[in-house]
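Keep in mind the model is a prediction, meaning the values are calculated, not measured.
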Amino acid sequence: MKKIIMFIGAMTLLFASKALAEYIPVPITAEEAFDAVQLQIDPISGIDSSVVLVDVRSRAEYFWVGSVCQMDTIITSNGTTITPDIGKVKLSNDGRLLTFSVDGMYRRLNVRNVAEATLSPISVNIPFKLWDETAMALVPNPDFTSEVEALALDYKKVIFFCRSGVRTSALTNDFETGLFTEIYEIDQPDGQIGNGGFEGSSYKNVYNGYRGFPDRMTEVQDHFSVSWKDFGFPIKIGMKP
């Protein structure tokens with residue numbers, strides 16, 4: 001009888017481990033992620049919820065490649081202060097226009113008429129890996145598990161993103177997923193990983209090595225990009241001196 005109980009216990013652990021290893025975050029677009037965090041709603045159902053956006057890129061990527069932001073205010077060249085709805089602004093028309101809404105009314109503004117803009121980060125940076133100066137390589141972040149799991153004290157749902165969506169598709173093995181009611185990642189919803197995150201795919205360098213910029217014609221590729229930069233959303237480079 002004792003052997004049977006031990007066998008059942010071992011099989012339970014085996015299947016539990018297998019289920020955990022096969023857990024894959026639900027892919028959503030950068031726009032769905034932006035709205036979910038700013039409105040505190042589930043990105044799929046739209047139901048009110050507590051949502052946090054987590055940037056798992058390295059410190060260098062976060063500070064110097066750019067952090068995801070909301071645009072708090074825009075000050076025009078004639079001194080007018082504009083406060084976009086939920087801080088949502090898109091750069092479009094090859095970087096010539098800012099599009100946004102104010103009190104529900106759609107507006108466009110030529111970037112030449114912008115004198116100043118203030119931005120603030122809307123994500124938490126918890127690197128999946130850290131740069132080791134001695135090894136000259138990225139190594140696992142020893143605090144990743146504890147920092148992610150601590151978010152469950154304040155949030156029911158978490159949205160991860162990395163550079164392109166590859167890292168976020170595999171990181172759920174490193175924390176207790178059951179602490180959250182749902183886990184999302186910014187990546188191509190059709191299931192083709194690597195076309196989301198902060199910058200999206202390089203598409204075999206067909207854009208001369210550039211990743212993620214407004215109006216990049218990724219729709220001509222087999223799987224278009226849903227990345228933050230391809231949507232033209234606000235970013236801030238050099239968050240830390």
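- Smallest separation of non-hydrogen atoms from V226 and I28: CG2-O, 4.2 Å.
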Verdict with reasoning, I186 to T29, per side chain to side chain contact (heavy atoms under 4.5 Å, CB included): CA-CA 5 Å; I186 298 178; T29 68; over 6 Å; no
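- One hydrophobic cluster, built from ILVMFWY side chains closer than 4.5 Å, cannot hold both I74 and F233; they sit in different ones.
- One N or O on the side chain of Y203 and one on the backbone of H223 form a donor-acceptor pair closer than 3.5 Å.
- Residues V51 and I159 have side chains in contact (heavy-atom distance under 4.5 Å, counting atoms from C-beta outward).
- Residues L171 and E185 form no side-chain contact, since every pair of their non-hydrogen atoms from C-beta on lies 4.5 Å or further apart.
- Between S49 atom OG and K157 atom NZ the span is 4.0 Å, to the nearest 0.5 Å.
- Residues F231 and A30 share a closest heavy-atom pair of CD1-CB, 3.8 Å.
- Contact between I122 and L53 at its shortest, heavy atoms only, is O-CB, 3.9 Å.
- One N or O on the side chain of D42 and one on the backbone of S45 form a donor-acceptor pair closer than 3.5 Å.
- Using a cut-off of 4.0 Å between Lys/Arg side-chain N and Asp/Glu carboxylate O, R211 and E61 are scored as not salt-bridged.
- Side chain of D174 to backbone of T145: no donor-acceptor contact under 3.5 angstrom is found.
- For the atom pair OG (S146) and CG (L151), the distance works out to 10.0 Å, reported to the nearest 0.5 Å.
- Residues F128 and N141 are not in side-chain contact: their nearest non-hydrogen atoms beyond the backbone lie 4.5 Å or more apart.
- Hydrophobic clustering (side-chain heavy atoms under 4.5 Å, transitive across Ile, Leu, Val, Met, Phe, Trp, Tyr) keeps W131 apart from F63.
- Side-chain atoms of D132 never come within 3.5 Å of backbone atoms of A137 as a donor-acceptor pair (strictly under, hydrogens ignored).
- Residues F180 and F160 keep their aromatic ring centres 6.0 Å or farther apart.
- In this structure, the side chains of V56 and T168 come closer than 4.5 Å at one or more pairs of heavy atoms.
- Residues T73 and T118 have side chains that bring a donor and an acceptor to within less than 3.5 angstrom of each other.
- Residue S67 holds its OG atom at 9.0 Å from CD1 of I237, rounded to the nearest 0.5 Å.
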Step by step, work out the side chain to side chain contact (heavy atoms under 4.5 Å, CB included) result for D187 and S169. CA-CA 9 Å; D187 206 354; S169 297; 4.0 Å; yes
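- Two residues are said to be in side-chain contact when any heavy atoms from C-beta on lie closer than 4.5 Å; F161 and D55 meet this criterion.
- Heavy-atom neighbours of R108 CZ from other residues, nucleotides or ligands within 6.0 Å: at or below the threshold of 12.
- Using a 4.5 Å cut-off on side-chain heavy atoms (C-beta onward), P43 and Y184 make contact.
- Salt bridge status for E199 with K229: present, with a side-chain N to carboxylate O gap under 4.0 Å.
- Ion pairing of K88 with D35 is present here, as a side-chain N (NZ or NE/NH1/NH2) and a carboxylate O approach within less than 4.0 Å.
- Using a 4.5 Å cut-off on side-chain heavy atoms (C-beta onward), I44 and E182 make no contact.
- Rounding to the nearest 0.5 Å gives a distance of 8.0 Å between CG of D222 and CD of Q192.
- Between S50 and K156, the shortest heavy-atom distance links the atoms OG-N, 2.9 Å.
- W228 places a side-chain N or O within donor-acceptor distance of the main-chain N or O of P234, the cut-off being under 3.5 Å.
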Assess the residue pair N195 and Q221 against the criterion (side chain to side chain contact (heavy atoms under 4.5 Å, CB included)); give the C-alpha distance rounded to whole Å, side-chain angles, the decisive distance to 0.1 Å, and a yes or no. CA-CA 10 Å; N195 296 285; Q221 306 298 326; over 6 Å; no
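- Counting only N and O atoms by type, the side chains of D230 and S225 include a donor and acceptor under 3.5 Å apart.
- Clustering ILVMFWY residues whenever any of their side-chain heavy atoms sit less than 4.5 angstrom apart, transitively, puts F224 in a cluster other than the one holding V206.
- Here I41 contributes atom CD1 and D48 contributes atom CG; the two are 8.0 Å apart, rounded to the nearest 0.5 Å.
- Linking ILVMFWY residues whenever their side-chain heavy atoms come closer than 4.5 Å, directly or via other members, leaves V89 and Y106 in distinct clusters.
- Tracing side-chain contacts under 4.5 Å through hydrophobic residues (I, L, V, M, F, W, Y), one reaches V102 starting from L119; they form part of the same cluster.
- Scanning both residues, L91 and V111, for their nearest heavy atoms gives CD1-CG1, 3.8 Å.
- F34 approaches G87 most closely through the heavy-atom pair CZ-O, 3.4 Å.
- Under the 6.0 Å distance and 45° angle rule, R216 does not count as a cation-pi partner of Y210.
- Side-chain atoms of Q70 and S120 form a donor-acceptor pair, as typed in the model, at a separation below 3.5 Å.
- Around atom CD1 of I47, no more than 12 heavy atoms belonging to other residues, nucleotides or ligands sit under 6.0 Å away.
- Counting only heavy atoms from C-beta outward, the side chains of L109 and V114 approach each other to under 4.5 Å.
- Rounded to the nearest 0.5 Å, atoms OH (Y155) and OG1 (T181) are 14.0 Å apart.
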